[in-house]
There are 2 protein chains.
Amino acid sequence: MLKKIKSFSVPTLRRLPLYLKIARREQSAGKLIISCSDIARECRLDPILVRKDIASTGVVGQARCGFPIDKLIEAVEIFLGWRGGKDAFLVGVGHLGAALLKYEKFQEHGLMIIAAFDIDKQKTKQKIGNIPVFLISKLPDLAKRMRVPIGIITVNADTAQDIADIMVDAGIKAIWNFAPIVLKVPESILVENVSLSASLGVLTSQLNRQKDSDE
Amino acid sequence: MLKKIKSFSVPTLRRLPLYLKIARREQSAGKLIISCSDIARECRLDPILVRKDIASTGVVGQARCGFPIDKLIEAVEIFLGWRGGKDAFLVGVGHLGAALLKYEKFQEHGLMIIAAFDIDKQKTKQKIGNIPVFLISKLPDLAKRMRVPIGIITVNADTAQDIADIMVDAGIKAIWNFAPIVLKVPESILVENVSLSASLGVLTSQLNRQKDSDE
DNA sequence: AATATATCGATATAAATATATCGATATATT
DNA sequence: AATATATCGATATATTTATATCGATATATT
Ligand SMILES: NC(=O)c1ccc[n+]([C@@H]2O[C@H](COP(=O)([O-])OP(=O)(O)OC[C@H]3O[C@@H](n4cnc5c(N)ncnc54)[C@H](O)[C@@H]3O)[C@@H](O)[C@H]2O)c1
Ligand SMILES: NC(=O)c1ccc[n+]([C@@H]2O[C@H](COP(=O)([O-])OP(=O)(O)OC[C@H]3O[C@@H](n4cnc5c(N)ncnc54)[C@H](O)[C@@H]3O)[C@@H](O)[C@H]2O)c1
């Protein structure tokens with residue numbers, strides 16, 4: 001019974017952060033109202049699609065004018081779970097992991113990376129982006145005590161499953177996975193994969209086809 | 001007339017790299033044949049979906065057995081444009097850009113980052129991941145002379161459009177954009193965005209909804 | 001040799017997503 | 001004040017994507 005969560009369209013969830021970014025910028029520029037058409041033009045999307053996406057956050061607009069920016073921002077932030085901020089642990093302080101730790105904008109997305117972990121003792125000697133790095137062995141205890149909901153995986157592909165297992169055991173509910181493998185986790189655990197291969201596949205495949213048709 | 005390129009499903013293009021990775025691994029392990037069911041199980045997808053995806057690459061299988069791995073790999077690589085390798089320039093040697101430059105696996109995806117560019121002269125003093133870094137002012141001439149098809153954007157959001165303009169002028173055909181903005185480019189230019197906000201939006205939104213239903 | 005079974009490939013159906021249409025309404029324009 | 005217009009919100013349609021069904025076939029099993 002409880003399983004019947006109203007699930008929202010993933011494409012919608014992926015577009016909303018962009019609308020939010022635009023809305024915030026316009027708000028900073030002093031605007032009080034923004035219309036779906038404005039957003040759609042900038043995103044190069046159909047205004048009807050933007051309106052439907054925004055409708056799913058529950059915010060109500062004004063005919064002929066658009067949406068009050070403050071209400072729109074609030075609704076989208078709440079809908080995305082970006083209000084308040086969620087704690088996260090990052091595991092794998094390598095090239096990519098360090099880049100993420102140094103990225104300051106995640107706070108705008110309600111993500112607080114409060115600690116990082118690595119197996120390499122050298123990495124624990126310094127803070128990165130003002131975030132402390134601990135030995136991976138410390139993760140379970142810390143995660144349980146602090147009830148950290150999100151784990152970020154930036155270790156090598158062949159270690160990623162082990163780290164996922166550790167995270168699940170430690171009570172982490174959602175995993176943001178940058179390693180190029182499909183993690184095996186219990187159904188109740190959310191996994192979102194960032195697959196650069198997938199993205200690159202779209203680009204190069206289309207590039208190839210375009211070239212073929214040119215000649 | 002020429003515009004009528006048979007376009008393939010983007011979801012399919014995004015899944016194929018994963019199948020390829022699995023196929024390559026199984027080939028290394030000595031296997032000669034692989035079935036859609038095998039791949040589907042590992043990817044946690046419906047075998048029918050995997051079969052349809054693979055069918056779009058044109059490879060033919062054997063009833064009751066599966067696909068010859070070598071033929072499958074060849075077909076997917078060709079389909080994705082990963083055979084031969086495509087040259088790319090990267091602009092913005094900051095935290096993220098440097099991580100990408102140091103990532104060795106892009107060659108497996110047919111991507112050869114042959115040079116990087118930055119506006120900061122300091123960055124040009126050293127190779128990163130064995131890739132030379134030049135001043136951004138050198139890009140147009142080099143790109144034109146070498147006919148580089150792909151540009152990777154890892155500069156700050158507020159500079160990304162300028163860099164895109166420079167790339168388009170320099171004859172680059174496809175842009176892999178890591179900056180969180182929608183680039184304005186001519187229709188003929190391909191753009192693929194890597195949006196961490198989008199990915200994070202899916203994760204946190206679903207996490208929120210799950211939590212709501214728990215209590 | 002006969003039978004069972006797993007898989008491909010084609011076709012059909014279902015579900016999800018995107019686009020179109022239309023009335024209502026708030027503002028701007030005449 | 002009357003009219004035009006841009007936008008919302010709801011509903012309808014079209015398109016895309018995913019899943020199901022079924023016959024053909026190659027191998028394994030009895
Ligand atoms: N660098 C990129 O641009 C890039 C791009 C796409 C995908 N990825 C993926 O991201 C992941 C990380 O890539 P990277 O380039 O940063 O690799 P990296 O080798 O630089 O970093 C991996 C880090 O993980 C740590 N680690 C290894 N095993 C561990 C364990 N058991 N517990 C804790 N820490 C452990 C290592 O010490 C290292 O610091 C890989 O899976 C890679 O495929 C990276
Ligand atoms: N670091 C991350 O984890 C991360 C995550 C998501 C998105 N991004 C996006 O990726 C981009 C880069 O992020 P970052 O953290 O690496 O930033 P960064 O500030 O570390 O790097 C930006 C680099 O671009 C260079 N640059 C600026 N203007 C330039 C110009 N006109 N020509 C050439 N080079 C120029 C800077 O000198 C710097 O080296 C940003 O758009 C950011 O939003 C980064």
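By convention in this document, chain letters (A, B, ...) are assigned in the order of the sequence lines, proteins followed by strands, and residues within each chain are numbered from 1.
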S.K.: Distance alone, cut at 3.5 Å: any donor-acceptor contact between the side chains of B:Asn208 and B:Ser205?
M.R.: no
S.K.: Among D:dT27, D:dG9, C:dT17, which nucleotide has an atom closest to any side-chain atom of A:Ser9?
M.R.: C:dT17
S.K.: Could you say whether B:Ile34 or A:Asp53 is positioned toward the 5' end of DNA chain C, judged by the nucleotide with the nearest heavy atom to each?
M.R.: B:Ile34
S.K.: Using atom CG of A:Leu49 as one end and atom C1' of D:dT13 as the other, report the distance to the nearest whole Å.
M.R.: 16 Å
S.K.: Do A:Asp46 and A:Lys52 sit within salt-bridge range, that is, some charged N less than 4.0 Å from a carboxylate O?
M.R.: no
S.K.: Please confirm whether the backbone N or O of B:Val93 pairs with a side-chain atom of B:Asp118, one donor and one acceptor, at under 3.5 Å?
M.R.: yes
S.K.: Starting at atom CD1 of A:Ile54, determine the distance to atom P of D:dG9, rounded to an integer number of angstrom.
M.R.: 10 Å
S.K.: Test the B:Arg209-A:Phe79 pair against the cation-pi criterion, namely NZ or CZ under 6.0 angstrom from the six-membered ring centroid and within 45° of the ring axis.
M.R.: yes
S.K.: Strictly below 4.0 Å, N to O, side chains only: are B:Lys184 and A:Glu42 in salt-bridge contact?
M.R.: no
S.K.: From D:dG9, C:dT27, C:dC8, pick the nucleotide closest to the side chain of B:Phe67?
M.R.: C:dC8
S.K.: Roughly, in whole Å, what's the span from CZ in B:Arg44 to P in D:dT19?
M.R.: 15 Å
S.K.: Taking the minimum atom-to-atom distance to the side chain of B:Arg64, which one of C:dT7, D:dG9, C:dT5 wins?
M.R.: C:dT5
S.K.: Nearest to the side chain of B:Ala63 - C:dT7, C:dT27, D:dT19?
M.R.: C:dT7
S.K.: When both hydrogen-bonding distances must be under 3.5 Å and the geometry is Watson-Crick or G-U wobble, what is D:dA14 paired with, if anything?
M.R.: C:dT17
S.K.: Find the distance A:Phe8:CZ to C:dA15:C1' and express it as a whole number of Å.
M.R.: 17 Å
S.K.: Over all strands shown, is B:Thr12 touching base, sugar-phosphate only, or nothing at heavy-atom distances under 4.0 angstrom?
M.R.: nothing
S.K.: To the nearest angstrom, how far is A:Leu45 atom CG from C:dT17 atom C1'?
M.R.: 13 Å
S.K.: Where the side chain of B:Arg15 is defined as all heavy atoms beyond and including C-beta, which of D:dA18, C:dT21, C:dT7 is the nearest nucleotide?
M.R.: D:dA18
S.K.: Side chain of B:Asp46 only, please: which of C:dT19, D:dG9, D:dT19 is the nearest?
M.R.: D:dT19
S.K.: Return the value, rounded to whole Å, for the distance between atom CD1 of A:Ile33 and atom P of C:dT25.
M.R.: 17 Å
S.K.: Just the rounded figure in Å: distance from C1' of D:dC8 to CD1 of A:Ile39.
M.R.: 13 Å
S.K.: Return the pairing partner of D:dG9 with a 3.5 Å limit on both distances, Watson-Crick or G-U wobble; otherwise return none.
M.R.: C:dC22
S.K.: Please give, in whole Å, the distance from C:dT21 P to A:Arg51 CZ?
M.R.: 14 Å
S.K.: Tell me which nucleotide among C:dA20, C:dA18, D:dC8 gets nearest to the side chain of A:Ser35.
M.R.: D:dC8
